[in-house]
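Report on the structure given below.
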Amino acid sequence: MLDIKYIRDNLDQVEAALATRGSEISLEGFRELDKRRRSLLTESENLKALKNSVSEEISRVKDKSTVKDKIAEMKDVSVRIKTLDDELKVVEEEFAAILMTLPNLPHPTAPIGRSEADNMVVRKWGTLPEMNFEPKSHWDIGESLGILDFERAAKITGARFCLYKGAGARLERALINFMLELHTNEHGYVEVLPPFMVNRASMTGTGQLPKFEEDLFRLADPDFLLIPTAEVPVTNIHRDEILKKSDLPICYAAYTPCFRREAGSYGKDTRGLIRQHQFNKVELVRFVHPEKSQAELENLTGHAEKVLQLLELPYRVLNLCTGDIGFSSCKTFDLEVWLPGQGQYREISSCSSFADFQARRASIRYREEEKSKPEFVHTLNGSGLAVGRTVVAILENYQQADGSVVIPSVLRPYMGGLERIEKVPA
RNA sequence: GGAGGGGUGUCCGAGAGGUCGAAGGUGACAGACUCGAAAUCUGUUGUGGGGCAACUCACCCAGGGUUCGAAUCCCUGCCCCUCCGCCA
């Protein structure tokens, strides 16, 4: 959520900044409702002040029969207040509806552009593997090794699910453990294991609601939603809290499965693990002092990169352009890993700074001084990494001519020393 | 799922239709005393909205209702605790 006062005072600049995201957003409705809201508020509050003072007078009188006319008058005032408040409620709901659907303002260092074609390559790491054979896709590798079974997953549930088996299941688990150990031991994160379903307030706090409900899986009875990313439960850990300045930065690493409807992506990445309704992810979340958020974004991105470096997977870092950054984000670095089977780089991590956008929605604050007014923290998060896509990258980059896949050396301790996945005779 | 008991300020805890934004204690901060500290004493100490300001409005889990007036009464929901059942 954006700062109401800031929008009010900088209407044109805000409109211009939002326009760089690609869709024209008029703030005329905002301006109108804001005016209306404030005038109703003043009117109602003046009547309330009157009611309060007269009611106090009444309370001091012993013989109520002498103030009959005042009581009657206040009864009338109460009715008028109620009418005004009802009207105000409608206006505020409309106002909030606008406010909650305005995306964050892009950071000045986010390149201006319309689509992913305008994203800026910041750096590249690693060398692309040289193969003297035609690299296979991970689904072919996984199926022929008997470690990924998409057909049976479709039987069990439906499209965009996968059944991992044997060394495949173990590889997934090894990666989760490896990533969590790295971030907790080397990068200073506290491990958390949050609920995988959340309420609407949490989804609203991080920005998934009200705008993106169609991307979420919803439970029928309690009105809970399956998390599309650990960002939601983990950022909401501190919703409606005032944090101690000395506790910042607060850093959490969380493994969770993620559930996404993938509405609107029909026909995209229909094969393989790239786009699934359920996938595992290790997520990094940081609550930081507002002045530090830019530097913290570099830190966070570095932590995600470290995973790829240790796995020796070649990747590049993109500074996403204004047209491509997410709704709540003001700046995002995407990590894209090289996939020989596809002959292209694909997103494996997205590291974002939200500035105070989520903190304002979720009311997450700190005090600069012991006695000073609470101020909003800045929140950041990034995948460290998407586990399923990491499996994809390992299968495709470490594939051998004979169809086997070598396990990256840092993972072997997590795989019981296994060095290579080979076909198990059926 | 059944039966009870609760949700008040940093925390504990009073309150029970009017003078309550809320007693008392505790914690924190400032000052006095002290060479310094402890103890003691004094003062300050919630959040959000509107207003240039004086000031004002709202908030005692949340949302409705009754009333001139509600933390206090009524309804609904959420959460916590105890017992029974069920269950990993």
Side-chain angles (χ1 to χ4, degrees), chain A residues 1-9 30-100 193-205 209-210 218-225 233 236-248 257 356-377:
Chain A
M1 189 167 89
L2 303 175
D3 183 0
I4 295 172
K5 282 184 182 149
Y6 183 82
I7 305 178
R8 191 148 65 208
D9 297 339
F30 171 93
R31 194 212 297 273
E32 292 293 316
L33 286 168
D34 185 41
K35 256 172 96 176
R36 180 110 191 85
R37 179 179 140 262
R38 285 196 292 164
S39 92
L40 283 169
L41 199 57
T42 312
E43 201 180 336
S44 159
E45 286 192 352
N46 287 341
L47 287 175
K48 281 176 188 166
L50 175 70
K51 183 190 78 177
N52 286 345
S53 68
V54 174
S55 285
E56 203 200 312
E57 265 180 62
I58 293 171
S59 77
R60 281 199 301 264
V61 174
K62 289 266 165 54
D63 182 2
K64 303 295 185 212
S65 66
T66 63
V67 288
K68 268 197 176 136
D69 52 333
K70 280 195 172 144
I71 289 179
E73 193 191 331
M74 286 311 105
K75 190 174 178 114
D76 186 52
V77 167
S78 277
V79 171
R80 281 161 66 202
I81 289 172
K82 191 162 167 22
T83 309
L84 285 171
D85 281 353
D86 285 348
E87 201 180 334
L88 184 62
K89 197 177 164 189
V90 172
V91 170
E92 291 214 301
E93 270 166 18
E94 265 180 76
F95 187 66
I98 291 181
L99 208 55
M100 292 309 263
L193 184 63
F196 301 158
M197 49 183 92
V198 301
N199 56 34
R200 286 180 174 269
S202 292
M203 284 292 186
T204 307
L209 290 182
R218 199 169 54 237
L219 299 192
D221 189 358
D223 190 17
F224 294 156
L225 301 121
N236 278 283
I237 289 174
H238 295 298
R239 171 153 52 86
D240 296 322
E241 288 185 17
I242 298 175
L243 306 170
K244 286 205 188 91
K245 186 185 180 189
S246 57
D247 288 342
L248 302 178
D356 61 3
F357 187 84
Q358 291 181 329
R360 181 172 283 110
R361 283 180 162 241
S363 188
I364 307 169
R365 296 171 295 172
Y366 78 103
R367 284 181 216 277
E368 191 57 49
E369 307 286 342
E370 184 89 22
K371 300 265 185 180
S372 59
K373 279 214 157 211
E375 297 172 56
F376 294 110
V377 300

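Labels below follow one simple rule: chain letters A, B, ... track the order of the sequence lines, proteins then strands, and each chain is numbered from 1. Model, not experiment: these values are computed from the prediction.
Shown here are the salt bridge (charged side-chain N to carboxylate O under 4.0 Å, His left out) partners of A/E241, two or more places apart in sequence or in another chain: there are none. Judged as a salt bridge (charged side-chain N to carboxylate O under 4.0 Å, His left out), and not counting sequence neighbours, A/D69 has no contacts. Among residues two or more places apart in sequence or in another chain, the side-chain contact (heavy atoms from CB on, under 4.5 Å) test is passed with A/P195 by none. Considering only residues two or more places apart in sequence or on other chains, A/I4 meets the side-chain contact (heavy atoms from CB on, under 4.5 Å) condition with A/R8, A/F30, A/D34, A/F95, A/L99. Take A/S44 and apply the side-chain contact (heavy atoms from CB on, under 4.5 Å) test, not counting sequence neighbours, and it matches A/K48, A/I81, A/L84, A/D85. For the side chain to side chain donor-acceptor pair (under 3.5 Å) test, residues two or more places apart in sequence or in another chain that qualify with A/R239 are A/S202, A/N236. Not counting sequence neighbours, the partners of A/E57 by the salt bridge (charged side-chain N to carboxylate O under 4.0 Å, His left out) test are A/K70. Residues satisfying the side-chain contact (heavy atoms from CB on, under 4.5 Å) criterion with A/T83, sequence neighbours excluded, are A/V79. Here A/E92 pairs with A/R37 under the salt bridge (charged side-chain N to carboxylate O under 4.0 Å, His left out) rule; sequence neighbours left out.
With rounding to whole Å, A/K75 atom NZ is found 8 Å from B/C68 atom C1'.
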| note | Contact string for nucleotides 43-62 of chain B, one letter per nucleotide 5' to 3', B = base within protein heavy-atom range under 4.0 Å, S = sugar-phosphate only, - = neither, reads ---SSSBSS----SBS----

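Within residues 78-90 of chain A, the residues approached by RNA chain B to less than 4.0 Å at the level of any non-hydrogen atom are A/S78, A/K82, A/K89, in residue-number order.
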Just the table, please: protein N/O against nucleotides 75-81 of chain B N/O, every pair under 3.5 Å.
none

